[in-house]
Amino acid sequence: MSQRIAVQIDDLTVAYNYKPVLWDIDLEIPEGVLMAIVGPNGAGKSTLIKSILGILNPIAGSVSIYGKPYDQQRKLVAYVPQKGSVDWDFPTTALDVVMMGTYGSLGWIKRPRQKEKKASLEALEKVGMLSFKNRQISQLSGGQQQRIFLARALVQNASIYFMDEPFQGVDASTEIAIINILKALRKAGKTVVVVHHDLQTVPEYFDWVTFLNVKKIATGPVKDIFNDDNLTKTYGINYKVSIQE
Amino acid sequence: MSNAQIEIQIIASLVAIACAIPGTFLVLRKMAMISDAISHSILPGIVIGFFITHDLNSPLLILLAALTGIITVVLVEYIQKTGLVKEDTAIGLVFPILFSIGVIMIAKNANDVHLDIDAVLLGELAFAPFDRLMIAGSDVGPKSMWIIGSILVITITLLIAFFKELKVSTFDAGLASALGFSPVIMHYGLMSVASVTTVGAFDAVGAILVVALMIAPAAAAYLITTDLKKMLLYAICFGVFSAISGYWMAHWLDASIAGSITTMLGLLFLSVYLFAPSKGIIAVMYREKQQRIEVSLLTFLLHLQNHDEIEERHVNHLNEHINWQKVRSKTVLDLALKNNMISIDNKVVSLTEKGKTFTLKAIDYIITNEDSQIEDMKDDFFLFRG
């Protein structure tokens, strides 16, 4: 299939305190793929996403979303940060967190109104959390909190979704619910990029994969490149996925 | 009440409201200590401003002092970013130095400067009504009332305009950044408001009370609500309550107004800490006791479900079989009876239909690892809680 390029990354280098955590990354993410980014801890997976979204400033290289810089394409992109990155004791409700997803399209100063509330309620329903809409967020389980984050991304109605470990610390039923939603997004022509830890489920969940360990090791269709060779290059000595075969 | 008394209470209340608003966000951002740093390190700004303007209430002085506040924040962040020391250490390094520069400047120029350390630390609310603002020859009220009033109007305007931006950048800076609401701008915006408010309130209540008025009402409000708007509202109410009751306490004790207001803030926080409906210490202890008994009840019901043998279900054997003290066994037994979960026939305990349904459902939840659902189910089954 000949595809448009959703995200184009050229020569990206990102450093913390002058220590590079991503070296010279070139990466093309085709439109409509459901892609896993895999790699060991400290491989720079979250850093890559944050750099694409302009949360971190790279020391070199560029990122474009459908041919333009991220600044001009914000509304095409939705982001699900790691669940642990926020304070779940914050005084707010599930619905309110989802409504934050609408803030981007509202811009500065304008407040969410009925339309935004309605869209947020629909997103809550899609993730099966409608009955929890007025629940204080600290009263939700880990899986429920992750669903809320997913609903917040859905309400952004974006073309490209970036998710940082959405399966971390969730129960089996939530994992299935989330992957079904991600597959539905791909079916609707969206591009979904997920930082993923569980190598066993890569072939089952994703159709595209990027191996990352400070440098890009490989990227492409799961069926072509998800093999012991690339896993070994990424994770080190003689890594075998034979367990799942 | 005399006019001066009313004016002091109005000023104290305005200061309390102006402090509670940025204070709420500082508490939520876990930056309470930064307000302490700002309140001390603006001193050199005030002194320099005073040398230039010879007027403690000049807008230039307020801006200069607020600028010192921002410099404090920048310095703290700079030191922290080197990675050599942690944030609290950085705060502890920066503000005493700036504060002591201010102290030396006051001491060196004590002869021609009407400014002393006591006033800086504790404020001079009692004298505030003497410094009047005259417009076209007529007296429109104390100067500090107008200053803090103007600051408050600006703060409230900013709060209303940027409420959603403040909320999202406080809760999730990463998302705020991705959505295009720069967390850096929001951060420095909040720091600027906090600095200006601190300077405006400084003259009236001093460096120590400013911190208390920013942090204590917000911390107390945090314990009683799960809604950001209500948290702001409660923080404001707590602040005003402490300001007015503190004033009367000072009046009654013939003591420092600033000290009394701070004492009231402390007492208010203590009582909320003890008596808050769900997060208060007493509520937490009560809930823990309730949960302990209800978990015991469930254990007991599961035991009954698992055993048909008469000897396992005999009242007298309960103690030895599930290894409980007599008191606990009795409490659990009573609770189960009251809720119609069990029936006792000839000293042998059996599950009722209701008890069976409850237990089976609970087992389901335990197996599927959804223990939290048991808590919701209790509302449907329990007539009496543990």
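By convention in this document, chain letters (A, B, ...) are assigned in the order of the sequence lines, proteins followed by strands, and residues within each chain are numbered from 1. All of these numbers come straight from a predicted model, not from anything done at the bench.
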- Task: Report yes or no: does Lys164(B) contribute a side-chain atom to a donor-acceptor pair with the main-chain N or O of Lys110(A) at less than 3.5 Å?
- Result: yes
- Measure Ser182(B) against the heavy atoms of chain A and call it side chain, backbone, both or neither at under 4.5 Å. backbone
- Spell out the residues in residues 169-179 of chain B that have some non-hydrogen atom less than 4.5 Å away from a non-hydrogen atom of chain A, in order of number; otherwise answer 'none'. Thr170(B), Phe171(B), Asp172(B), Gly174(B), Leu175(B), Ser177(B), Ala178(B), Leu179(B)
Per-residue contact mode, [X] against chain B (heavy atom under 4.5 angstrom):
{"X": "Tyr16(A)", "result": "neither"}
{"X": "Tyr70(A)", "result": "side chain"}
{"X": "Ile52(A)", "result": "neither"}
{"X": "Gln139(A)", "result": "neither"}

So with a 6.0 Å cut-off around [atom1] of [X], is the heavy-atom count from everything else above 12?
{"X": "Tyr273(B)", "atom1": "OH", "answer": "no"}
{"X": "Lys279(B)", "atom1": "NZ", "answer": "yes"}
{"X": "Tyr66(A)", "atom1": "OH", "answer": "yes"}

- Task: Mind listing the closest non-hydrogen atom pair of Glu165(B) and Gly107(A) along with its distance?
- Result: OE2-O, 3.8 Å
- Query: Are there residues of residues 114-127 of chain A that reach to under 4.5 Å of chain B by heavy atoms, and which ones?
  - Reply: none
- Query: CD1 of Ile109(A) to CD1 of Ile160(B): how many Å apart, nearest 0.5 Å?
  - Reply: 12.0 Å
- Query: Can you tell me how far CZ of Phe181(B) sits from OH of Tyr103(A), rounded to the nearest 0.5 angstrom?
  - Reply: 8.5 Å
Sequence neighbours excluded and cut-off under 3.5 Å, please list the side-chain donor-acceptor pairs for residues 77-99 of chain A, or say none.
from: Gln82(A); atom 1: NE2; to: Ser46(A); atom 2: OG; distance (Å): 3.2
from: Gln82(A); atom 1: NE2; to: Asp164(A); atom 2: OD1; distance (Å): 3.4
from: Ser85(A); atom 1: OG; to: Gln82(A); atom 2: O; distance (Å): 2.7
from: Asp87(A); atom 1: OD1; to: Asp89(A); atom 2: N; distance (Å): 2.9
from: Asp87(A); atom 1: OD2; to: Lys30(B); atom 2: NZ; distance (Å): 2.8
from: Trp88(A); atom 1: NE1; to: Lys83(A); atom 2: O; distance (Å): 2.8
from: Thr92(A); atom 1: OG1; to: Asp96(A); atom 2: OD2; distance (Å): 2.7
from: Thr93(A); atom 1: OG1; to: Asp96(A); atom 2: N; distance (Å): 3.3
from: Asp96(A); atom 1: OD1; to: Lys167(B); atom 2: NZ; distance (Å): 3.1
from: Asp96(A); atom 1: OD2; to: Lys167(B); atom 2: NZ; distance (Å): 2.7

- Task: Quick one: list whatever passes salt bridge (Lys or Arg N to Asp or Glu O under 4.0 Å) with Glu31(A), sequence neighbours left out.
- Result: Arg4(A)
